[in-house]
K.L.:
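Sharing a structure, written as structure tokens. Questions coming.
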Amino acid sequence: DTDRTISFIPPDGIFELMKYRSADHIHFPFRVIPIVREVGRTRVEIRVTVRASFDRKLSANDIIIKVPVPTNTATCKQNVTKGKAKYVPAEDSIVWRLKKFPG
């Protein structure tokens, strides 16, 4: 307890290790810039830009970005410059996966 170390045995599959909240001196590892534009009455265009806030010598691995979409979304087209994106209707979101994200 005195060395502030978390020790755990990971279960099989995907799991959430920790959630935390901080109000002072927050330095997030990424900056996410969303732009949402309505194109007509039945179409929405969402553009998401992600920038790393950490040193160029470092990189993040296995990044997952979830972009929520309206629950009544019928179809969805994704165009990404890196990684892979997939519309997941059960989650009402586009799931964008990146293997490696350099600083």
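Since this is a predicted model, take the numbers as computed values, not measurements.
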K.L.:
Minimum heavy-atom separation for I94 to A85, with atom names?
P.N.:
CG2-CB, 4.1 Å
K.L.:
Going through the distances and angles, do V36 and V44 end up as a side chain to side chain contact (heavy atoms under 4.5 Å, CB included)?
P.N.:
CA-CA 7 Å; V36 180; V44 175; 3.7 Å; yes
K.L.:
Ignoring hydrogens, what is the shortest heavy-atom contact between I33 and R51? Give both atom names and the distance.
P.N.:
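Minimum heavy-atom separation between I33 and R51: CD1-NE, 4.0 Å.
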K.L.:
Pairs in or reaching into residues 64-94: which pass ring pair (Phe, Tyr, Trp, His ring centres under 6.0 Å), with residues at least two apart or in two chains?
P.N.:
none
K.L.:
Show, in sequence, the C-alpha distance, side-chain angles and deciding distance for K99 and D62, and conclude whether the side chain to side chain contact (heavy atoms under 4.5 Å, CB included) test is met.
P.N.:
CA-CA 4 Å; K99 290 275 187 199; D62 299 322; 4.1 Å; yes
K.L.:
Do the side chain of W96 and the main chain of I63 share a donor and acceptor less than 3.5 angstrom apart?
P.N.:
no
K.L.:
Any non-hydrogen side-chain atom of V50 less than 4.5 Å from a side-chain atom of I65?
P.N.:
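A side-chain contact under 4.5 Å exists here.
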K.L.:
CD/E38 to CD1/I46 distance, rounded to the nearest 0.5 angstrom?
P.N.:
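Going from CD on E38 over to CD1 on I46, the span is 10.5 Å.
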K.L.:
Who pairs with R47 by side-chain contact (heavy atoms from CB on, under 4.5 Å), at least two apart in sequence or on another chain?
P.N.:
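Listed in chain order: I35.
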K.L.:
Of all heavy-atom pairs between F30 and A60, which one has the smallest distance, and what is that distance?
P.N.:
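Closest heavy-atom pair between F30 and A60: CZ-CB, 3.7 Å.
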K.L.:
Indicate the atoms forming the closest heavy-atom contact of A52 with G103, along with that distance.
P.N.:
CB-CA, 3.7 Å
K.L.:
Taking C-beta and beyond as the side chain, do I64 and V95 meet within less than 4.5 Å on heavy atoms?
P.N.:
yes
K.L.:
Nearest 0.5 Å please: distance from the CD atom of E45 over to the NZ atom of K77.
P.N.:
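Going from the CD atom of E45 to the NZ atom of K77 covers 11.5 Å.
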K.L.:
Specify the closest pair of heavy atoms between F54 and L58, including all atoms of both residues, with the distance to one decimal.
P.N.:
CE1-O, 3.7 Å
K.L.:
What pair of heavy atoms forms the shortest contact from Q78 to K86, and how long is it?
P.N.:
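Closest pair (atom of Q78, atom of K86, distance): NE2-CA, 4.0 Å.
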